[in-house]
**Q** 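Starting off with a structure, shown below.
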Amino acid sequence: MIVIGIETSCDDTSFAVVEDGYKIRANIISSQTIHSKYGGVVPELASREHIKNISYVFEKGMKAAKITLKDVDGIAVTNRPGLIVSLLVGLNFAKGLAYAGRIPLIGVNHTLGHIYSNHLSKSEPEFPYIGFILSGGHTILCKVHNYTTIEVIGTTRDDAIGEAFDKISKFMGFGYPGGPIIDKLSKSGNPNSIKFPRPRFKDKSLDFSYSGLKTAVLNYYRKNPDTSKADIAASFQKTAIDILIINLKRYLEKENVSRLSITGGVSANSYLRKTMTEFSKNNNIKLFIPSHELCTDNAAMIAGLGTRLLEEGKKDTLKLDAYSRGIK
Amino acid sequence: MGLEVQASNKVIIGIDTSTEFLKLGIAKENLIISELLLKVKDSHTRYLLSGLNFLLVNNNLVREDVDGFGIVIGPGSFTGLRIGLATIMGIISAWKVPAYPVMSGDIAWRANLGLIETKHFFYILDGKRKELFVMHYVKEKNSFKLKEDIVALNYQATIDIIKSYYKEGVTLIGNGINILRESKIKLPKKIKIIEGNVNGFTGGDIAKFTFDASAGQAGKIEPLYVRDADIRT
């Protein structure tokens, strides 16, 4: 079964061709650099870039996969959650293709798509497992029951972890996207030089919060302009990752976990990978982190999950709409 | 006064999603054979393809019968435009037929040519944020030429620019007229207004005038971006 995927939920225009739910025959990602001067994604600009790029990534992907629309069994498209003006471009392109080619259409949840990235490689985790989805839009700890069912254990109450990296990077004048910049800078800094606060909730929730940390870092930077930027970056990064570890530890106190996955753009962070690898090793947990290309927003994960949904008999009508919210 | 429409024996589908109206139409050999108008309450994405399918099925047309699409690229609602344009991009990628980008004002003056007796024609549309999209055309023989760049102006600035030409004769079309009336800004008396609630043209008009308004040039279809202010950080 060949399913094509379209992903335009934020600032990457991506098109993919996936066979049988796991063989990636093409995965084209056109990343938008236009946002760097604004220090973050500008929705209107993102949408304009998607309109410019969508036909190009489609043609390039079809050519790379050496297929025509006659070979396609389904069209999977991200329709939630994300930036509405961006989602609408991919969604409507997909709908036009589906109508004209008389091909089934499947709306796919972006968050579940990230989880599905784990299943696009040969060493995929067995269900159930615990998953982190860490990106500019998400900070989710969840239990993954199957391809389409997750149980949210904790999610952010304010900023997402990737958003905190971006905002701090912008404020300190490093540029966008902040994740790779702070990661690189942190390598020359002391992560224990500054103690930033960790969030505490009055309830026993395993939710996350990065707004307080972000404010603390920005205030520290304002008050201590002579402090090494590398030390600030490294201390922030350590704290941001510690927040994840603290909640994971608390969850482990109650539940047995033998498999853990990390997906989303933040999983490319080297300190996170190192810390999570050590943590997993010390706790007899098998860790799964997809390749960098599959950690960031990509259409292969959408096509892969779309394949599973089609196999379950699910498909959408051409009235399918886009939604900015919706974890599940 | 007759307009010499560029000859075409092709079947063209006209589409406009730039306002709250979904306009679809079919023209064959420059004659409108069918059209559909729908006031969309929520989002064009829910209705565009079912409307298009309805039109094609009711006219016994299949993919092989369609020679191209004429699509309004603006000015207008960016969300609506993106829905229309992205959908057509998907269709033409599958059907391998051309799409012809047209501007709404260019269709509006052609559809109303017999009614516009003045030297100046202004097509004014709601631009939201207390602004109007203004397209100013000047008569040249049997047609109109866009005089200036399309601009987004506040209500008073729109009136001021119209007033500066009204001695030479001005005709207005578009939903911006009602917005000006509701804002209680007085329109000069000598201005001719072509009333109507579909902004001066139908889906059939788009299909009929696509070749002429696009000069027969199929190409990359992108929304017409009038103001940078739409980019909000």
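Order of the sequence lines fixes the chain letters, A, B, ..., with proteins taken first and strands second; residue numbering starts at 1 for each chain. Just the heavy atoms: all of them, side chains too, but no hydrogens, waters or symmetry mates, feed the values below. What you see is a predicted model; the values in this text were computed from it and never measured.
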**Q** Starting at CZ of Arg46(B), measure out to CG of Leu320(A) and round the result to the nearest 0.5 Å.
**A** 9.0 Å
**Q** Should Ser50(B) and Leu318(A) count as side-chain neighbours, where that means a heavy-atom distance under 4.5 Å?
**A** no
**Q** Is atom CZ of Arg102(A) surrounded by more than 12 heavy atoms (other residues, nucleotides or ligands) closer than 6.0 Å?
**A** no
**Q** So which part of Leu69(A) gets closer than 4.5 Å to some heavy atom of chain B, the side chain, the backbone, both or neither?
**A** side chain
**Q** Assess the residue pair Thr87(B) and Tyr99(A) against the criterion (side-chain contact (heavy atoms from CB on, under 4.5 Å)); give the C-alpha distance rounded to whole Å, side-chain angles, the decisive distance to 0.1 Å, and a yes or no.
**A** CA-CA 9 Å; Thr87(B) 305; Tyr99(A) 172 74; over 6 Å; no
**Q** Walk me through whether Lys95(A) and Thr45(B) qualify under side chain to side chain donor-acceptor pair (under 3.5 Å).
**A** CA-CA 9 Å; Lys95(A) 285 166 70 171; Thr45(B) 195; 2.7 Å; yes
**Q** Heavy-atom distance under 4.5 Å to chain B: side chain of Ile6(A), backbone, both or neither?
**A** neither
**Q** Side chains of Tyr225(B) and Glu44(A): does their closest heavy-atom pair fall under 4.5 Å?
**A** yes
**Q** Hey, does Ser93(B) have a side-chain heavy atom less than 4.5 Å from the side chain of Phe93(A)?
**A** yes
**Q** Sort Arg63(B) into side chain, backbone, both or neither according to what part of it lies under 4.5 angstrom from a heavy atom of chain A.
**A** neither
**Q** Heavy atoms, side chains only, cut-off 4.5 Å: are Arg82(B) and Arg48(A) in contact?
**A** yes
**Q** Considering all heavy atoms of both residues, which atom of Pro223(B) and which atom of Ile51(A) are nearest to each other, and what is their separation?
**A** CD-CG2, 3.8 Å
**Q** Considering only heavy atoms, which portion of Asp42(B) lies under 4.5 Å from any heavy atom of chain A: side chain, backbone, both, or neither?
**A** neither
**Q** With a 4.5 angstrom heavy-atom cut-off, which part of Ile221(B) approaches chain A: side chain, backbone, both or neither?
**A** backbone
**Q** Leu81(B) versus chain A, heavy atoms under 4.5 Å apart: side chain, backbone, both or neither?
**A** neither
**Q** Of the backbone (N, CA, C, O) and the side chain (C-beta and beyond), which part of Ile54(A) lies under 4.5 Å from a heavy atom of chain B, both, or neither?
**A** side chain
**Q** When heavy-atom pairs shorter than 4.5 Å are enumerated against chain A, which of Ala94(B), Ser43(B), Gly90(B), Gly84(B) gives the highest number?
**A** Gly90(B)
**Q** Look up atom CG in Leu88(A) and atom NE2 in His44(B), then write down how far apart they are to the nearest 0.5 Å.
**A** 11.5 Å
**Q** Quick check on Lys70(A): does its NZ atom have over 12 non-hydrogen neighbours (other residues, nucleotides or ligands) under 6.0 Å away?
**A** no
**Q** To the nearest 0.5 Å, what is the distance between CG (Asn92(A)) and CG (Leu85(B))?
**A** 10.5 Å
**Q** Rounded to the nearest 0.5 Å, what separates atom NZ in Lys220(B) from atom OH in Tyr56(A)?
**A** 10.5 Å
